[in-house]
Amino acid sequence: MPVAPVMRYNENTLQINFTGISFTSSADLLYSYRLEGLDTNWSNPSANNFVLFAKLPPGQYRFSVKCKADNNTWSEAALFAFTIRPPFWNTWWFRLLIIAMAASLIIFFYRRRVRKIEQQAFINNQLLELEMTALKAQMNPHFIYNALNSIQALVVEEKKDEAVHYIGTFSRLLRQVLENSEINVITLEKELQTLKLYISLDALRLNMQPTYRLHIDKEIQPHSEKIPPLLLQPFAENALWHGLSKKEGDKKIDITVSIDNDWLVCTIVDNGIGPAKAAVLKTQHTEQYQSKAISITTRRLTDFNDDKNRVPVLFEDLFAADDSPAGTKVTLYIKRKS
């Protein structure tokens with residue numbers, strides 16, 4: 001009999017034969033056995049001198065057998081140890097290998113999916129930036145063309161002091177516009193600086209002195225908030241040209257910036273003649289340009305916000321107590337982004 005044999009997983013059915021030797025009795029011997037690893041109890045005494053174990057599970061075993069004659073005491077147990085190896089797919093190293101392979105596949109597909117998402121996001125972002133750049137390119141020529149026309153008009157009218165002041169203000173404004181033309185977001189602080197220059201420029205051009213007031217909530221840090229450039233200018237231009245320029249008496253334009261959860265809310269309020277009357281007085285050329293500029297800006301803001309649940313621009317007619325037109329209120333919702 002081999003000593004401590006190691007058998008394969010499919011060699012798990014075995015018969016063990018044993019024979020006791022007695023020098024004092026000729027009577028039949030009784031045997032009792034146990035298989036540690038399967039059972040710890042001794043079997044009932046029997047005259048059978050063999051035992052069959054069928055389909056033992058993998059593991060380490062110790063077979064013990066003892067015998068006795070008649071009423072004598074049990075002999076010392078004889079021992080036989082053996083091992084049945086598990087199949088390779090049931091070993092710890094194979095399981096660990098399977099787990100490692102599964103984890104590697106999961107990580108591989110996860111990273112590939114992340115790369116695809118990142119590539120698609122990059123492409124979408126590039127397309128969005130190109131679209132916003134194209135929209136800005138459509139606005140800037142109109143803006144510069146109008147300013148140059150105003151300078152020319154002042155020179156023709158021999159208003160040299162006004163022309164010199166206009167040129168100085170225009171150069172500062174143009175420098176800011178050109179600096180911001182290559183980027184898609186600027187700080188709220190820079191946008192408001194540009195807007196202030198524009199309002200003073202257009203007020204000079206229109207030969208009026210409107211009261212310009214700006215209010216920013218204390219919670220807002222203008223140097224940290226990011227918005228698209230030239231976002232407020234078309235609406236301020238609309239207020240100046242079609243609301244205030246046609247109005248007699250005091251002229252006011254108020255701009256307020258506040259926070260509503262994840263949104264910057266910017267309102268532009270003028271006390272002009274109101275949209276209905278302004279629409280009648282618009283010339284065809286100016287009407288086409290203003291509609292285009294506001295439409296372009298609305299599209300830019302829609303792309304920037306990337307939120308279909310929020311209308312980015314709202315127009316509201318204002319009325320006095322006697323229901324007469326009292327101006328226009330424009331509200332812009334700008335998604336806050338770091």
Side-chain angles (χ1 to χ4, degrees), residues 114 116-143 176-196 198-199 214-240 243 253-270 275 289-318 328-338:
V114 169
K116 285 185 177 180
I117 293 173
E118 288 176 345
Q119 289 173 353
Q120 188 61 46
F122 176 78
I123 293 172
N124 292 340
N125 186 57
Q126 291 298 307
L127 290 174
L128 181 59
E129 289 187 2
L130 289 173
E131 182 180 7
M132 293 182 71
T133 301
L135 292 173
K136 285 189 296 183
Q138 294 180 50
M139 287 186 59
N140 289 342
H142 291 287
F143 176 74
Q176 290 191 10
V177 171
L178 293 178
E179 285 176 355
N180 298 333
S181 64
E182 299 299 322
I183 54 179
N184 285 328
V185 291
I186 62 173
T187 63
L188 175 62
E189 183 178 40
K190 285 187 176 181
E191 175 72 3
L192 293 176
Q193 290 172 356
T194 302
L195 184 64
K196 184 177 180 180
Y198 172 78
I199 290 176
L214 173 65
H215 175 73
I216 303 176
D217 278 5
K218 295 180 180 179
E219 300 177 10
I220 298 176
Q221 296 180 339
H223 62 277
S224 299
E225 299 291 343
K226 306 291 185 179
I227 67 173
L230 279 182
L231 189 67
L232 306 179
Q233 179 269 330
F235 302 99
E237 181 176 354
N238 193 62
L240 290 169
I253 181 168
D254 296 330
I255 297 179
T256 302
V257 185
S258 59
I259 292 178
D260 180 13
N261 294 324
D262 294 332
W263 298 86
L264 281 178
V265 182
C266 181
T267 60
I268 303 173
V269 179
D270 68 77
Y289 165 62
Q290 280 300 323
S291 298
K292 185 176 182 180
I294 290 175
S295 174
I296 288 173
T297 304
T298 303
R299 283 181 57 195
R300 290 175 60 211
L301 187 53
T302 299
D303 291 339
F304 179 80
N305 289 342
D306 192 23
D307 189 323
K308 297 180 181 179
N309 296 323
R310 170 82 77 171
V311 178
V313 181
L314 296 176
F315 290 87
E316 180 181 351
D317 295 353
L318 302 179
T328 306
K329 178 180 179 181
V330 182
T331 304
L332 284 75
Y333 293 94
I334 309 167
K335 191 75 170 181
R336 300 183 71 193
K337 299 183 180 182
S338 58

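All values below were derived from every heavy atom in this structure, side-chain atoms included, with hydrogens, water molecules and symmetry-related copies excluded. Quantities reported herein were computed from a predicted structural model and do not represent experimental measurements.
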Check Val185 against Lys226 and note the closest heavy-atom contact, atom names and distance. CB-CB, 4.4 Å
Could you walk me through whether Lys116 and Gln120 satisfy the side chain to side chain contact (heavy atoms under 4.5 Å, CB included) test, starting with their C-alpha distance in whole Å, then the side-chain angles of each, then the deciding distance to 0.1 Å, before giving a yes or no? CA-CA 6 Å; Lys116 285 185 177 180; Gln120 188 61 46; over 6 Å; no
How far does CG of Leu314 sit from NZ of Lys329, to the nearest 0.5 angstrom? 9.5 Å
For the CG atom of Asn238 and the CD1 atom of Ile294, what is their distance to the nearest 0.5 Å? 4.0 Å
Any chance you could measure Arg336, atom CZ, to Ser224, atom OG, to the nearest 0.5 Å? 9.5 Å
4.5 Å side-chain heavy-atom contact, Arg300 and Pro229: yes
dist Leu232:CG -> Leu192:CG (nearest 0.5 Å) comes out at 6.5 Å
Give the ring-plane orientation class for Phe235 versus Phe315, where under 30° counts as parallel, over 60° as perpendicular and anything between as tilted. tilted
The test is side chain to side chain contact (heavy atoms under 4.5 Å, CB included); show your working for Thr331 and Cys266 and say whether it passes. CA-CA 6 Å; Thr331 304; Cys266 181; over 6 Å; no
Assess the side chains of Gln221 and Glu225: does a donor N or O sit below 3.5 Å from an acceptor N or O? no
Go through the structure and list residues passing side-chain hydrogen bond (donor to acceptor under 3.5 Å, both in side chains) with Asp254, not counting sequence neighbours. Arg213
Counting N and O atoms only, with roles assigned by atom type, does the side chain of Glu316 sit under 3.5 Å from a partner on the main chain of Val330, one being a donor and the other an acceptor? no
Measuring from Ile268:CD1 to Glu237:CD, what's the distance to the nearest 0.5 Å? 11.5 Å
On a heavy-atom basis, which atom in Asp217 and which in Ser258 lie closest, and how many Å separate them? OD2-CB, 3.1 Å
Assess whether side chain to side chain contact (heavy atoms under 4.5 Å, CB included) is satisfied between Ile255 and Thr267, documenting all intermediate values. CA-CA 6 Å; Ile255 297 179; Thr267 60; over 6 Å; no
Evaluate the criterion side chain to side chain contact (heavy atoms under 4.5 Å, CB included) for residue pair Ile253 and Val269; output intermediate values, then yes/no. CA-CA 6 Å; Ile253 181 168; Val269 179; over 6 Å; no
Nearest heavy-atom contact between Leu231 and Pro234 is O-CD, 3.7 Å
For Pro312 versus Asn305, what's the shortest heavy-atom pair and its separation? CB-ND2, 3.9 Å
Residues two or more places apart in sequence or in another chain: which of them pass salt bridge (charged side-chain N to carboxylate O under 4.0 Å, His left out) with Asp260? Arg310
Using a 6.0 Å distance limit plus a 45 degree cone around the ring axis, check whether Lys337 lies over the aromatic ring of Phe304. yes
If you count heavy atoms of other groups shown closer than 6.0 angstrom to NZ of Lys335, is the number above 12? yes
Within a strict 4.5 Å, meaning less than it, do heavy atoms of the Ile259 and Ile220 side chains meet? yes
Can you list the residues that meet the side chain to side chain contact (heavy atoms under 4.5 Å, CB included) rule with Lys196, with sequence neighbours excluded? Tyr212
Main-chain N/O of Asn309 paired to Asp307 side chain as donor or acceptor, under 3.5 Å: yes
Between the side chain of Glu191 and the main-chain N/O of Leu230, is any donor-acceptor distance below 3.5 Å? yes
Would you check if Leu264 and Tyr333 make a side-chain contact, meaning some heavy-atom pair closer than 4.5 Å? no
